[in-house]
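Numbering starts at 1 and runs along the sequence shown. We count ligands from 1, going down the list as the structure has it; atoms in each ligand are counted the same way.
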Amino acid sequence: MENKITITIDGQEVLANPGQTILECARSVGIFIPTLCHYSKTTNVGACRVCVVEVENARSLVAACCMPINSNMVIRTNTEAVRNAQKMIIELMWSSGDHNCLTCEQNGQCELQNLVYWLKIDKPRFEIEAPGYALDNSNSMIQRDLNKCILCGRCIRACNEIQVNEVLDFSMRGSYVKVGPAFDEDYISSSCVFCGECAQVCPTGAITFKQAKFAGRPWDLNKVRTTCTYCGVGCQMDLFTKDNKIVKVMGNREYGQPNEGSLCVKGRFGMDFVAHPDRLKKPLIRYKKNEDFKEASWDEAFTFIADKLSKIKKENGADSIAGLSSARCTNEENYLFQKFMRAAIGTNNVDHCARL
Ligand code: FES
């Protein structure tokens with residue numbers, strides 16, 4: 001085991017592991033340092049500098065998210081110099097975009113908005129120069145508004161390092177720099193697979209879920225953790241609902257396994273079936289060939305199935321029956337199904353579709 005080292009943060013002695021960053025050490029003892037470009041499980045790039053802190057004997061303020069600690073380091077997170085720098089950074093970000101919170105889907109959960117409030121900034125001291133980019137409305141799942149992009153690069157790292165889709169990157173140079181797919185294509189023309197990770201990690205309203213727009217403010221939504229029903233992986237997700245309808249789906253990061261907060265296109269955007277009027281909610285039975293299906297009660301359906309299976313088994317043996325289950329069932333349901341086939345029917349003819 002590596003030897004611990006001692007550092008001091010805001011007068012508090014902290015025992016830490018060599019190699020940890022200042023940010024990690026501060027968070028481990030509940031000291032708040034604001035961040036924007038930092039996103040755990042991706043590379044620390046130190047792009048936004050909003051996490052600056054004072055380190056005794058350092059020539060200038062340092063970015064806490066990417067500065068490793070040294071033994072006996074003395075760090076101050078809340079001095080006047082630190083706050084002035086943070087205010088300047090946030091004001092520059094604010095003034096270089098069109099951060100119109102009135103219509104922004106992220107209002108109430110925007111990390112830039114939160115920091116403006118936390119730093120008590122009334123308005124930026126610089127003239128607002130919104131870049132005037134056109135909205136990317138090219139698809140029905142993700143909306144991109146680069147006027148609200150703060151160039152933190154979280155979406156790029158999430159796309160490349162977490163999902164490994166390698167669709168997003170910075171393009172252009174200087175004040176023209178922007179984030180997007182290659183050749184400045186819109187999402188639908190690019191190689192984007194619509195996992196939605198970019199929208200999940202975006203700290204502002206630059207990349208948002210389109211179906212969530214005007215469907216409910218963050219404080220109107222209920223959050224329910226559930227398991228994705230699409231395949232056997234069992235990804236953990238949070239459904240955000242309003243009036244019993246799913247407004248948006250986020251990967252659950254707290255629970256961790258198995259997906260560690262990430263989702264694929266199906267789990268993220270394929271949830272319309274839950275409230276679809278065509279969804280079957282009651283059993284349908286076709287009693288005679290060429291007849292239409294008729295709605296039935298569950299008791300009727302189970303009796304019908306049991307009678308038919310018993311008759312087939314009696315006349316042709318258990319191995320004349322096979323059962324196909326589904327990857328969309330839970331592990332427990334699939335376990336019960338194979339148990340039913342083996343123990344109740346008496347056959348090993350059981351399989352399931354491992355995909356959809
Ligand atoms: Fe540290 Fe952006 S959070 S530089």
Using the salt bridge (charged side-chain N to carboxylate O under 4.0 Å, His left out) rule, take Arg76 and Glu56 through it: C-alpha gap first, then chi angles, then the decisive distance, then the call. CA-CA 8 Å; Arg76 286 182 273 277; Glu56 215 164 80; 3.0 Å; yes

Charged N to carboxylate O under 4.0 angstrom, Glu91 versus Lys87?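 No, Glu91 and Lys87 are not salt-bridged.
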
Any salt bridge between Glu295 and Lys282, counting N to O under 4.0 Å?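 The answer is yes: the pair qualifies as a salt bridge.
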
May I ask you to check whether Glu54 and Thr79 show a side-chain donor-acceptor distance below 3.5 Å?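 Yes - a donor-acceptor pair under 3.5 Å links their side chains.
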
Donor-acceptor pair between Glu197 and Ser262 side chains, under 3.5 angstrom: yes

Strictly under 2.8 Å of atom 1 (Fe) of ligand 1: which protein N/O/S atoms qualify? Cys51 SG, Cys65 SG

Only pairs at least two apart or in different chains count here, so list each salt bridge (charged side-chain N to carboxylate O under 4.0 Å, His left out) that has a residue in residues 127-147.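 Matches after skipping sequence neighbours: Asp136-Arg144, Asp145-Lys148.
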
